[in-house]
Number of protein chains: 2
Amino acid sequence: MSDLITRLRRHQWRMTPQRRVIAETLDGAHVHYTADEILERACERMPEISRATVYNTLNEMVALGEILELNFDGRSKRYDPNAEHDHHHLICDGCGAMKDVHTVGDPLDWLPGDERHGFAVTEASITFRGLCPECQQAA
Amino acid sequence: MSDLITRLRRHQWRMTPQRRVIAETLDGAHVHYTADEILERACERMPEISRATVYNTLNEMVALGEILELNFDGRSKRYDPNAEHDHHHLICDGCGAMKDVHTVGDPLDWLPGDERHGFAVTEASITFRGLCPECQQAA
DNA sequence: ATCCTAGCTTAGACTTTGTCTAATGAAAGA
DNA sequence: TCTTTCATTAGACAAAGTCTAAGCTAGGAT
Ligand SMILES: [Mn+2]
Ligand SMILES: [Mn+2]
Ligand SMILES: [Zn+2]
Ligand SMILES: [Zn+2]
C-alpha cells in the first residue's frame with residue numbers, strides 16, 4: 001500500500017533514505033500532517049534527519065504533484081498524500097480531526113455565470129466544519 | 001456607508017482614533033486586506049499607529065464577529081468586513097484578485113450523509129480559483 | 001471641569017513557521 | 001571504482017504574528 005513511494009519512483013528522483021522515511025510517514029488515508037509532525041515522526045526512525053531536508057522534500061513532492069499542500073488555519077501548512085483523487089475536507093472545530101470527503105456533483109456548477117466576474121473558473125475547494133462524534137459527546 | 005463602525009458601536013467598545021482609522025480602512029465591498037496592508041493604509045492617516053494595535057484591533061473585531069479572518073495561501077491572513085452576508089471567494093491564480101461570490105443553494109447539501117463520518121456539519125466555505133479577465137488576456 | 005480608573009497604545013523582544021546558504025556527503029551511471 | 005551531480009546538514013535569516021511592561025487616554029463619576 002506504499003502508493004506514494006511507487007508514484008515518486010516514476011519521476012527521475014534520487015531515492016535517499018531521508019526521502020524514503022518522509023514518504024513512508026506520509027502514506028495512508030486521511031493523513032494531513034504538518035511539516036513539524038512529519039519531522040517528529042521521521043526522527044523516530046532516523047534521528048539525524050534535518051528540518052531543512054523535510055521542508056525541501058515536501059516542497060519537491062508538491063512540485064511533482066504527488067502530494068498536496070493545504071492551508072486551513074493560517075498557522076502551519078499540512079501535507080496530503082491523497083493527490084490522485086479530487087476531494088475536499090471536513091474538520092472538527094473541537095479537536096481538529098480532519099477527514100477527506102467527496103461532494104455529490106461538481107462544485108463549479110454551484111457558481112452561476114453572473115457570479116463569476118468574468119473569471120475563467122477552473123477549481124473549487126471546500127472546507128466543511130462541524131463537530132466529530134467524540135466532540136459532540138463532550139459538548 | 002460606514003457600516004462597520006456603526007456595527008462596532010453596538011458593542012461596548014472604547015472608540016479610539018486608532019480603532020476608527022482601522023475600521024475606516026476596512027470598510028467597503030470586496031475588501032480583503034492583510035494586516036500589513038491595513039497598517040500601511042492606517043499609517044497614511046496616523047503615522048504613529050503601532051503594529052501591535054493593528055493586530056490587537058483586528059483580533060478584537062474578529063472576536064466580536066464584525067469582520068472575518070481568511071486564510072487562503074498560508075502566508076498572511078486577510079480581513080473581510082463583509083461578515084454579515086454569508087459568501088465565498090473567487091481568487092485569480094494570476095494576480096491574486098479576490099471577489100466575493102454567492103452559490104446557488106446551500107453547500108451543506110452537497111455533502112451526503114455517508115460522507116459525514118458522523119460529524120454534525122455546520123459550515124462550508126468554498127474557494128473558487130481561476131483567471132480574471134486581465135490575466136486571461138495576458139495568457 | 002476635573003479626576004479616576006479600566007482598558008488602550010506603544011516599542012521592541014520574542015515565537016513560530018518556513019527559506020536560504022555554503023560546506024559536506026552520497027546516489028547512480030560510466 | 002570513479003566521477004558528477006544532486007542531496008543533506010547546521011545554522012543564519014526572514015516573515016507573520018504574539019506578548020510584555022510602561023505610559024496614556026476615553027469616558028464615567030464627582
Ligand atoms: Mn485530504
Ligand atoms: Mn469576502
Ligand atoms: Zn472533534
Ligand atoms: Zn488576475
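Below, each value reflects all heavy atoms present in this structure, side chains not excepted, and no hydrogens, waters or symmetry copies.
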Practice task
Is it possible for you to check whether B/Arg78 lies under 6.0 Å from the centre of the six-membered ring of B/Tyr33, through NZ or CZ, and within 45° of that ring's axis?
Solution key: no

Practice task
Measure the distance from CG on A/Leu58 to P on D/dA7 and round it to the nearest whole Å.
Solution key: 15 Å

Practice task
Could you check B/Ala35 against B/Thr16 and say which one's nearest nucleotide on DNA chain D is further toward the 5' end?
Solution key: B/Ala35

Problem - Minimum-distance nucleotide (side-chain atoms of A/Asn59 versus D/dA26, C/dT19, D/dT18) - result: C/dT19

Problem - Integer-rounded Å distance: D/dA7 P and A/Met15 CE - result: 11 Å

Practice task
Assess the pair B/His88 and B/Phe128: is the distance between their ring centroids shorter than 6.0 Å?
Solution key: no

Handout entry: Distance in angstrom units between B/Arg9 CZ and D/dG27 C1', rounded
Key = 12 Å

Practice task
State whether B/Gln12 places a side-chain N or O below 4.0 Å from either non-bridging phosphate oxygen (OP1 or OP2) of C/dG7.
Solution key: no

Practice task
Apply salt bridge (charged side-chain N to carboxylate O under 4.0 Å, His left out) to the pair A/Glu66 and A/Arg10, showing each step before the final yes or no.
Solution key: CA-CA 10 Å; A/Glu66 298 298 356; A/Arg10 287 202 275 268; 5.7 Å; no

Exercise for the section: Please indicate whether A/Asp109 has more than 12 foreign heavy atoms, meaning atoms of other residues, nucleotides or ligands, lying under 6.0 Å from its CG. Expected result: yes

Exercise for the section: Report the distance from atom CD of B/Glu60 to atom C1' of C/dC8, rounded to the nearest whole Å. Expected result: 8 Å

Handout entry: Close aromatic pair by centroid cut-off 6.0 Å: A/His32 and A/His30
Key = no

Handout entry: A/Glu84 CD: over 12 foreign heavy atoms closer than 6.0 Å
Key = yes

Problem - Contacting residues from residues 66-78 of chain B, given that a heavy atom lies under 4.0 angstrom of DNA chain D - result: B/Ser76, B/Lys77

Handout entry: Side chain B/Arg14 and base C/dC8 donor-acceptor under 3.5 Å
Key = no

Handout entry: Members of residues 38-56 of chain A that approach DNA chain D, where some heavy atom sits under 4.0 Å away
Key = A/Glu48, A/Ile49, A/Ser50, A/Arg51, A/Ala52, A/Thr53, A/Asn56

Problem - Over 12 foreign heavy atoms within 6.0 Å of CD, A/Gln136 - result: yes

Practice task
Count the heavy atoms belonging to other residues, nucleotides or ligands that lie under 6.0 Å from CD of B/Glu48, then report whether that count exceeds 12.
Solution key: yes

Exercise for the section: May I ask you to check whether B/His85 and B/Asp100 show a side-chain donor-acceptor distance below 3.5 Å? Expected result: no

Exercise for the section: Using a cut-off of strictly less than 4.0 Å, decide whether A/Arg19 has a side-chain nitrogen or oxygen near OP1 or OP2 of D/dT8. Expected result: yes

Exercise for the section: May I have the distance from B/Arg20 (atom CZ) to C/dC8 (atom P), rounded to whole angstrom? Expected result: 15 Å

Exercise for the section: Could you tell me the separation between the CG atom of B/Leu8 and the C1' atom of D/dA26, rounded to a whole number of Å? Expected result: 16 Å

Problem - Interatomic distance, A/Tyr79 OH vs C/dT17 P [rounded to whole Å] - result: 12 Å

